[in-house]
2 protein chains.
Amino acid sequence: MQPTIADVARHAGVSTATVSRVINSQSVVAPATRERVQAAVRELGYQPNALAASLVRRRSHTLGVVLPDISNPFFPEVVRGLEDAAHASGYNVILCNSDLDTAKEIEYFEVLRQKRVDGLIYHSGTITADHLDAFRRLKLPVVLAATHDPRGELPCVLVDNRQAAAEAMEHLIGLGHGRIAVVTGSDPVSGESRLQGYRDALTRHGLTLDDGLALQAQWTADEAYQVTRELLKRRPLPTAIAAASDLMALGVMGALRDGGIRVPEDVSVIGFDNIRLAGTIRPALTSMSQPMYDIGKEAALLLIRCLAEEEPDSFRGRRLVLPHRLVVRESTAPPRG
Amino acid sequence: MQPTIADVARHAGVSTATVSRVINSQSVVAPATRERVQAAVRELGYQPNALAASLVRRRSHTLGVVLPDISNPFFPEVVRGLEDAAHASGYNVILCNSDLDTAKEIEYFEVLRQKRVDGLIYHSGTITADHLDAFRRLKLPVVLAATHDPRGELPCVLVDNRQAAAEAMEHLIGLGHGRIAVVTGSDPVSGESRLQGYRDALTRHGLTLDDGLALQAQWTADEAYQVTRELLKRRPLPTAIAAASDLMALGVMGALRDGGIRVPEDVSVIGFDNIRLAGTIRPALTSMSQPMYDIGKEAALLLIRCLAEEEPDSFRGRRLVLPHRLVVRESTAPPRG
DNA sequence: TTGAAAGCGGTACCAC
DNA sequence: GTGGTACCGCTTTCAA
């Protein structure tokens with residue numbers, strides 16, 4: 001059995017209260033006493049039971065993170081930022097993969113609540129009324145990472161998707177492209193606002209998005225590959241394609257390659273996110289960079305700050321918009337001719 | 001304040017013992033009583049405090065996972081497998097990024113111990129004597145994922161790296177390659193055993209690994225890129241390159257491309273791991289597949305089974321070797337001429 | 001400066 | 001079947 005605080009107290013000839021004081025370096029303990037206690041701690045190899053402490057303190061110093069799937073390359077970076085920030089502030093992180101499945105989400109919310117995590121970082125495509133309800137029932141501080149809720153109630157940290165997408169499109173237009181296809185995912189916050197952004201830029205330059213050139217895929221490389229293959233069956237081809245995620249851009253590039261079309265000589269491709277591998281593959285992918293690490297980090301920081309606050313409601317509707325940045329690499333070039 | 005078990009008991013006109021019984025659906029409770037209690041639970045929105053339960057049960061149903069860096073594409077899949085298995089068995093997972101920094105690892109071990117996780121899943125390149133000591137002090141069941149300890153004391157799940165690497169090399173040799181370079185990382189378990197495997201196959205076919213063709217990099221794409229650039233300055237070039245990870249293979253391919261060398265026409269490249277993106281990029285990467293998801297899953301399962309055991313020591317030295325599999329794609333082909 | 005003791009929110013043994 | 005109650009291991013008044 002592990003030694004308890006009582007063992008340490010006995011060993012040092014003091015009360016448990018005193019041991020507790022030196023462990024938490026609280027109030028003044030006589031130097032001599034402190035020494036004795038520390039010696040006892042060392043000798044017994046005492047490790048305080050955080051469960052017991054959390055029980056009385058009502059603070060577990062643990063955060064819950066629920067996201068769709070850690071194996072989607074977008075998330076590991078976010079989670080890394082998150083965990084780094086949490087760790088630096090003395091928090092740990094419980095990771096939950098929801099697969100965007102509401103039932104699973106609810107299930108996770110419940111255990112997290114039961115395990116008394118101090119707060120929750122949530123990431124998902126869409127925040128529905130059901131989510132809002134669930135969060136309310138949770139009675140736990142929640143911050144949204146890389147998404148936001150339609151009513152703007154929950155604090156969140158993200159980029160300006162619409163603006164960023166518009167700038168990605170501007171890049172293509174600036175290169176001289178006029179016939180441009182887009183491949184987007186289908187959720188309201190990332191998908192639709194990016195699509196809207198693409199449209200904004202097009203419109204601004206007197207261009208339009210042909211019906212046949214607005215492709216929809218499931219945020220996966222495979223689906224993007226498929227829709228692009230379909231696209232290639234129709235003529236004329238676009239001279240550039242904007243994908244709403246790098247993963248999808250990879251699928252697009254694969255389809256082009258397999259269709260005998262060169263990037264960027266025949267068709268330019270721009271992605272979104274700037275995942276690590278974007279610069280590693282060839283042709284290196286031009287991408288609208290989203291500061292994923294920072295999104296995670298800031299989300300954790302926001303949550304932790306919120307926990308320290310007397311008045312957590314002061315964080316209601318707080319919205320942290322992080323800067324995006326165009327990273328030009330090899331996959332985009334002026335159209336031929 | 002959250003309602004407690006006492007509130008529920010009062011509300012239902014029973015004792016806390018009875019409430020506890022219905023919550024844990026233990027021993028027999030009269031149907032009528034059960035109903036009343038359940039109603040009370042519902043009405044009050046009662047959520048049991050898992051901290052309190054864990055305190056007395058000495059089981060937190062939480063697992064610790066410490067790995068170098070979740071943003072390395074190898075880990076998300078492992079973690080996904082792990083978390084899925086844990087979730088299915090009623091466990092949660094605390095994620096820790098150690099950056100392979102011993103001080104950080106020790107720090108994590110301590111909090112995890114204090115938070116009374118039931119067990120630990122550990123992944124790292126090298127298990128040193130210090131690690132073994134730390135684990136012993138931890139007094140917690142530990143299972144190693146994708147690695148093993150030199151003394152074979154800790155249970156682990158991994159592939160046969162040496163054999164798998166040998167087969168990867170056989171593939172190249174079978175294609176007709178004779179002048180082959182390898183790029184490996186530097187840790188004993190994955191790095192050296194894969195290097196050894198490459199050598200085994202070469203030797204078996206009367207071939208040797210020239211000094212100039214045994215490259216060493218830090219398991220990153222960037223480093224692999226650099227060493228490959230260096231390699232390209234010397235002639236004659238190898239006709240094939242085996243990389244000990246897909247990430248490194250990506251770096252190798254990038255360097256080849258930038259050096260004007262085509263894959264697989266001029267040089268073949270084979271990776272190791274078969275990360276998700278291996279099949280997405282072009283040329284699609286031939287790779288020795290490691291069942292990352294299953295490694296995580298089986299590691300979690302092994303740990304959980306170990307926790308259920310009366311005699312945890314029966315798991316000492318248990319070693320689960322999962323099958324590897326060659327996945328041939330586009331990046332390997334017979335040498336020219 | 002230090003100690004006694006009342007919780008924190010459950011569980012589980014022992015009676016009835 | 002159900003209730004009383006002694007813990008689990010720690011924190012935190014309140015006194016001394």
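Lettering of chains follows the sequences in order, A, B, ..., and the numbering in each one begins at 1.
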Chemist: Tell me whether Asn97(A) contacts the main-chain N or O of Asp99(A) through its side chain, where contact means a donor paired with an acceptor under 3.5 Å.
Modeler: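 The answer is no, because no donor-acceptor pair under 3.5 Å joins these two groups.
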
Chemist: Can you list, in residue-number order, the parts of residues 107-120 of chain B that come under 4.0 Å of DNA chain C, counting heavy atoms only?
Modeler: none

Chemist: Where along residues 28-43 of chain A does a heavy atom come under 4.0 Å from DNA chain C, residue by residue in number order?
Modeler: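 Heavy-atom contacts with DNA chain C come from Val28(A), Val29(A), Ala30(A), Thr33(A).
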
Chemist: Check whether any side-chain N or O of Arg58(A) sits under 4.0 Å from OP1 or OP2 of dG9(C), and answer yes or no.
Modeler: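 Yes, because at least one side-chain N or O of Arg58(A) sits under 4.0 Å from OP1 or OP2 of dG9(C).
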
Chemist: If you measure only the distance, is there a donor-acceptor pair under 3.5 Å linking the side chains of Thr62(B) and Lys115(A)?
Modeler: yes

Chemist: What orientation do Phe109(A) and Phe135(A) show, parallel under 30°, tilted 30 to 60°, or perpendicular over 60°?
Modeler: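 Because their plane-to-plane angle lies in the 30° to 60° range, the rings of Phe109(A) and Phe135(A) count as tilted.
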
Chemist: Mark yes or no for whether Thr128(B), through its side chain, and Asp130(B), through its backbone, hold a donor-acceptor pair below 3.5 Å.
Modeler: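 Pair found, side chain donor or acceptor close to backbone of Asp130(B).
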
Chemist: Round to the nearest Å and state the distance from Leu51(A) atom CG to dT11(C) atom P.
Modeler: 13 Å

Chemist: Check the phosphate of dG3(C) against Ser15(A), side-chain N and O only, distance under 4.0 Å to OP1 or OP2. Yes or no?
Modeler: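 So the side chain of Ser15(A) is within the cut-off, an N or O lying under 4.0 Å from OP1 or OP2 of dG3(C).
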
Chemist: Indicate whether any N or O donor in one side chain lies under 3.5 Å from an N or O acceptor in the other, for Ser54(B) and Arg116(B).
Modeler: no

Chemist: Is Gln2(B) touching bases, backbone alone, or none of the nucleic acid, heavy atoms closer than 4.0 Å?
Modeler: nothing

Chemist: Can you measure from CD1 (Ile106(B)) to CZ (Arg113(B)) and round to the nearest 0.5 angstrom?
Modeler: 14.5 Å

Chemist: Does Arg36(A) reach the main-chain N or O of Ala12(A) with its side chain, forming a donor-acceptor pair under 3.5 Å?
Modeler: yes

Chemist: Strictly under 3.5 Å: I want the nitrogen or oxygen pairs between protein and nucleotides 12-16 of chain C, one per line.
Modeler:
{"unit_1": "dA12(C)", "atom_1": "OP2", "unit_2": "Gln26(B)", "atom_2": "NE2", "d": "3.0"}

Chemist: Walk me through it: do His61(B) and Gln114(A) pass the test side chain to side chain contact (heavy atoms under 4.5 Å, CB included)?
Modeler: CA-CA 12 Å; His61(B) 276 260; Gln114(A) 294 180 185; over 6 Å; no

Chemist: Specify the separation, in whole Å, of atom CZ of Arg10(A) and atom C1' of dG9(D).
Modeler: 13 Å

Chemist: Output the rounded distance in Å from CG (Leu55(B)) to P (dC7(D)).
Modeler: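 Interatomic distance, CG of Leu55(B) to P of dC7(D): 14 Å.
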
Chemist: Name the nucleic acid region contacted by Val14(A), choosing base, sugar-phosphate or nothing; use a 4.0 angstrom heavy-atom cut-off, strictly under.
Modeler: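 The answer is sugar-phosphate, as Val14(A) gets under 4.0 Å only of primed atoms, P, OP1 or OP2.
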
Chemist: Nearest whole angstrom, please: distance from the C1' of dT12(D) to the CD1 of Ile5(A).
Modeler: 11 Å

Chemist: State, with a plain yes or no, whether a side-chain heavy atom of Val37(B) is found less than 4.5 Å away from one of Ile23(B).
Modeler: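 No, their side chains stay 4.5 Å or more apart.
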
Chemist: In whole Å, I'd like the distance from the CG atom of Asn49(A) to the P atom of dC8(C).
Modeler: 18 Å

Chemist: Is it true that Lys297(A) and Asp84(A) make a salt bridge, defined as a side-chain N closer than 4.0 Å to a carboxylate O?
Modeler: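 Asp84(A) and Lys297(A): not salt-bridged.
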
Chemist: Are side-chain N/O atoms of Tyr46(A) and His11(A) paired as donor and acceptor at under 3.5 Å?
Modeler: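 No, because no side-chain N or O of Tyr46(A) sits under 3.5 Å from a partner of the opposite role on His11(A).
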
